Amino acid sequence: MTLATQPYKGARDFYPEDKRLQKYMFGTIRKVVEQFGYEEYDAPILEPLELYLAKTGEEIVNEQTYAFTDRGGRQVAIRPEMTPTVSRMVAARRQELAYPLRWYSIPNLWRYERPQRGRLREHWQLNVDIFGLPGIEAEMELIQIADTILRSFGSTHDMYSIRINSRKLMDFILKDYLELTPTQINTVCKLIDRMHKIPHAEFMAEVDAVFTPSQRDAGASNKLIGLLKIKQLQHLPEVIREHESAKELKQLMDMLDDARITNAVFDITIMRGFDYYTGIVFEIFDNDPNNNRSMMGGGRYDGLVGLFGVEPVPTVGLGWGDVTMQNFLEGHDLMPNLRPETDVYVVLIGDVYSKALRIIQDLRNMGANVAVDLSGRKPDKQIKSAAKKGIHYAMFIGEKELDEELYEIRNLLTGVEERHSAARIVSIVTDYREEEI
RNA sequence: GCGGAUGUAGCUCAGUUGGUUAGAGCGUCUGAUUGUGGCUCAGAAGGCCGUGGGUUCAAGUCCCAUCAUUCGCCCCA
């Protein structure tokens with residue numbers, strides 16, 4: 001029985017070239033989020049299972065969570081999402097924190113399910129949350145952050161669309177306007193979520209089947225179907241438009257317009273899976289028809305912190321998975337060609353190792369990242385290794401160089417070779433590193 | 001949990017109606033007078049044909065099971 005070399009199902013190994021991409025993505029994200037004044041936090045990957053039982057949604061906890069009993073008999077879960085954890089942390093220091101609170105994290109999360117494109121068992125997810133603001137300025141800021149992140153990767157507004165809806169609005173429509181029962185509301189919500197995935201006729205039939213004959217006679221079924229076709233807030237019936245939640249949506253859309261975020265639209269079919277959303281919900285979709293899925297989602301959840309027995313804190317948050325982000329960037333050809341962190345690869349010629357040690361350490365002290373071959377192979381083999389690793393410069397150190405204190409440095413891309421002092425070499429190779437970014 | 005597709009060298013794949021000793025390209029390693037990669041040339045290593053069973057004189061090839069990968073569905077963090 002030989003050991004398998006592949007990683008655990010649905011999880012990824014990050015070889016250096018993969019890790020470089022991840023570092024690039026997370027680095028770009030961090031820069032933007034910190035520009036908006038958000039602070040990074042973190043927490044354990046294990047939580048008591050009950051943390052998720054309270055609010056996440058039954059199926060997710062029962063079937064999609066990695067859970068086990070620890071040696072002390074405690075029920076433990078590997079975190080499937082970060083929102084309960086961050087709510088717990090805020091609740092624990094409810095009184096002493098300075099609001100509004102702006103926090104972010106990039107945790108790895110696990111879900112037990114069948115892997116498919118864009119969805120693995122382990123993924124990293126950017127979580128950005130703002131606590132303590134009841135007004136839609138909070139939603140505005142998070143959407144702005146998401147938009148800024150995409151822009152700083154080099155994408156343009158035609159590549160993605162921001163779709164916005166409100167749970168509060170949907171509640172009003174389904175409960176008060178259409179007068180549906182809680183069971184009917186549940187079924188309809190799930191149906192709406194699938195609207196764009198199933199044939200139109202089938203969808204219509206399934207919607208119609210939800211209603212009782214008397215409701216149908218009163219026109220409720222046709223009303224709902226009519227509503228679901230609406231693409232703009234102003235086309236909603238007046239009673240709905242006058243509702244507080246619709247006015248909020250309108251304000252938010254106007255703010256986005258003022259901020260020149262022109263690819264944001266009202267979309268009545270955006271529901272989000274979690275039970276805990278209480279207000280505005282939003283998602284960003286890739287416009288590429290080959291990857292037409294939601295890559296980021298978020299919304300307002302004002303009730304979660306309060307579950308821990310403290311005064312509730314109004315909160316808006318977003319979650320953005322690394323897998324969907326990477327699919328988007330690759331699909332639009334936005335992933336840069338990244339080089340390793342090593343600036344220069346030292347090729348030792350002859351038996352000069354101990355004599356070269358000092359100059360090599362000088363290079364590092366002056367700021368260069370320096371790898372030394374150390375294999376004692378012929379120069380051609382050493383150069384080949386450097387080139388294969390993607391390192392941009394090779395530096396030759398032999399007796400002659402040590403005597404003259406001038407070293408050959410070769411650009412491995414162009415093949416151009418020059419002789420310089422150690423200080424000059426450091427400035428050449430580190431200048432190149434700057435250019436790359 | 002359900003359905004489809006695919007498993008042959010490190011990678012991408014050929015392999016005829018079942019028929020000797022399983023192939024190519026790329027990659028890897030060695031060498032072409034030991035201080036310079038990419039081009040060229042010569043050579044080498046590397047495979048229980050995913051695994052187990054069955055049919056057959058004979059299985060990489062046909063049948064069954066199983067495992068794995070992958071694309072969908074359910075569900076969505």
Side-chain angles (χ1 to χ4, degrees), chain A residues 1-2 4-12 15 52 55-66 77-86 105 107-127 189-190 193-194 197-198 270-277 281 283 290-291 293-299 301 317-324 345-352 373 376-402 407-419:
Chain A
M1 181 75 189
T2 53
T5 56
Q6 67 203 29
Y8 175 72
K9 188 186 186 74
R12 292 161 290 169
Y15 285 84
Y52 306 103
K55 32 60 52 207
T56 301
E58 275 177 45
E59 165 150 8
I60 288 169
V61 175
N62 294 339
E63 293 170 31
Q64 300 199 346
T65 299
Y66 280 85
I78 302 179
R79 59 187 177 198
E81 56 159 338
M82 200 58 168
T83 304
T85 298
V86 71
S105 189
N108 57 333
L109 308 175
W110 288 81
R111 53 191 171 202
Y112 191 84
E113 66 171 348
R114 197 126 181 194
Q116 57 190 281
R117 180 174 164 77
R119 303 193 71 199
L120 302 174
R121 286 183 169 184
E122 185 189 36
H123 72 137
W124 274 256
Q125 189 191 58
L126 169 69
N127 275 254
C189 285
K190 284 185 176 164
D193 211 42
R194 287 167 55 209
K197 290 184 178 177
I198 56 179
I270 295 297
M271 296 298 291
R272 309 280 305 142
F274 287 142
D275 301 335
Y276 53 63
Y277 288 112
V281 288
E283 296 191 20
N290 296 322
N291 190 43
R293 61 170 68 224
S294 166
M295 63 169 144
M296 185 278 328
Y301 54 100
L318 68 77
W320 196 339
D322 67 323
V323 183
T324 51
Y345 194 83
V346 170
V347 173
L348 295 175
I349 297 166
D351 187 16
V352 295
D373 187 85
R377 291 173 298 178
K378 291 187 205 169
D380 59 332
K381 303 294 180 199
Q382 300 189 44
I383 293 169
K384 264 186 145 171
S385 285
K388 190 166 183 186
K389 289 172 197 290
I391 297 169
H392 198 72
Y393 289 100
M395 174 179 174
F396 299 90
I397 302 183
E399 295 287 356
K400 199 167 62 184
E401 285 79 3
L402 287 165
Y407 309 88
E408 291 285 340
I409 180 150
R410 181 183 181 95
N411 181 324
L412 292 175
L413 280 192
T414 62
V416 173
E417 201 165 305
E418 294 168 350
R419 264 176 111 68

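Computed from a predicted structure; not experimentally measured. Here is the naming used below: chain letters follow the sequence lines, and residue numbers restart at 1 for every chain.
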Using the [atom1] atom as the reference point in each nucleotide, state the distance between [N] and [M] in Å, no decimals.
| N | M | atom1 | result |
| --- | --- | --- | --- |
| B:A59 | B:C63 | P | 16 Å |
| B:U17 | B:C62 | C1' | 12 Å |
| B:G15 | B:G19 | P | 13 Å |
| B:C64 | B:U55 | P | 15 Å |
| B:U51 | B:G7 | P | 14 Å |
| B:A22 | B:C29 | P | 27 Å |
| B:G18 | B:C74 | C1' | 42 Å |
| B:U12 | B:U69 | C1' | 16 Å |

For the residue pair [X] and [Y], establish whether any side-chain heavy-atom pair is separated by less than 4.5 Å.
| X | Y | answer |
| --- | --- | --- |
| A:Asn411 | A:Tyr393 | yes |
| A:Val281 | A:Met271 | no |
| A:Tyr276 | A:Thr83 | yes |

Picking from [options], which would you name as closest to the side chain of [X]?
| X | options | answer |
| --- | --- | --- |
| A:Lys384 | B:C75, B:G37, B:U36 | B:G37 |
| A:Leu412 | B:G37, B:C74, B:U36 | B:G37 |
| A:Pro379 | B:C76, B:G35, B:A77 | B:G35 |

Can you label the angle between the A:Tyr301 ring and the A:Tyr277 ring as parallel, tilted or perpendicular, going by 30° and 60°? perpendicular
A:Tyr8 vs A:Trp110 aromatic rings, parallel, tilted or perpendicular, using cut-offs 30° and 60°?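 Rings of A:Tyr8 and A:Trp110: tilted, as their planes differ by 30° to 60°.
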I'd like to know if the side chain of [X] reaches the main chain of [Y], judged simply by a donor and an acceptor atom lying under 3.5 Å from each other, with no hydrogens or angles considered.
| X | Y | result |
| --- | --- | --- |
| A:Arg111 | A:Arg79 | no |
| A:Arg121 | A:Glu113 | yes |
| A:Arg119 | A:Thr324 | no |
| A:Gln382 | A:Arg377 | yes |

Can you measure [X] atom [atom1] to [N] atom [atom2] for me and round it to whole angstrom units?
| X | N | atom1 | atom2 | answer |
| --- | --- | --- | --- | --- |
| A:Ile383 | B:G35 | CD1 | P | 12 Å |
| A:Tyr52 | B:C76 | OH | C1' | 16 Å |
| A:Gln64 | B:C74 | CD | P | 13 Å |
| A:Ile391 | B:G38 | CD1 | C1' | 16 Å |
| A:Tyr345 | B:G37 | OH | C1' | 12 Å |
| A:Lys378 | B:C29 | NZ | P | 14 Å |
| A:Asn127 | B:A77 | CG | P | 12 Å |
| A:Met295 | B:A77 | CE | C1' | 16 Å |

Ignoring hydrogens and angles, are the base of B:G35 and the side chain of A:Glu401 linked by a donor-acceptor pair under 3.5 Å? yes
Counting only distance, no hydrogens or angles, is the base of B:U36 paired donor-acceptor with the side chain of A:Gln382 under 3.5 Å?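 Donor-acceptor pair under 3.5 Å: no.
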Using a heavy-atom cut-off of 4.0 Å across all strands, would you classify [X] as base, sugar-phosphate, or nothing?
| X | value |
| --- | --- |
| A:Ile349 | base |
| A:Gly321 | nothing |
| A:Leu348 | nothing |

What is the minimum heavy-atom distance between [X] and [Y], and which atoms define it?
| X | Y | value |
| --- | --- | --- |
| A:Pro115 | A:Gly10 | CG-CA, 3.8 Å |
| A:Leu402 | A:Val352 | CD1-CB, 3.9 Å |
| A:Asp322 | A:Arg12 | OD2-NH2, 2.9 Å |
| A:Leu412 | A:Ala386 | CD1-CB, 3.7 Å |

Secondary structure string for RNA chain B (Watson-Crick or G-U under 3.5 angstrom, | for other-strand pairs): (((((((..((((.....[...)))).(((((.......))))).....(((((..]....))))))))))))....
For A:Trp320 and A:Asn411, take the nucleotide of RNA chain B holding the closest heavy atom to each; which residue's nucleotide lies nearer the 5' end? A:Asn411
Review item, nucleotides 67-71 of chain B N/O atoms under 3.5 Å of protein N/O:
{"residue": "B:A68", "atom": "O3'", "partner": "A:Gln6", "partner atom": "NE2", "Å": "3.3"}
{"residue": "B:U69", "atom": "OP2", "partner": "A:Lys9", "partner atom": "NZ", "Å": "3.0"}
{"residue": "B:U70", "atom": "O4", "partner": "A:Arg114", "partner atom": "NH2", "Å": "3.4"}

Hey, what do you get for NZ (A:Lys9) to CG (A:Leu120), rounding to the nearest 0.5 Å? 11.0 Å
Would you say B:U28 has OP1 or OP2 under 4.0 Å from some side-chain N or O of A:Lys388? yes
Could you list all N or O pairs between the protein and nucleotides 44-48 of chain B that sit under 3.5 Å apart?
none

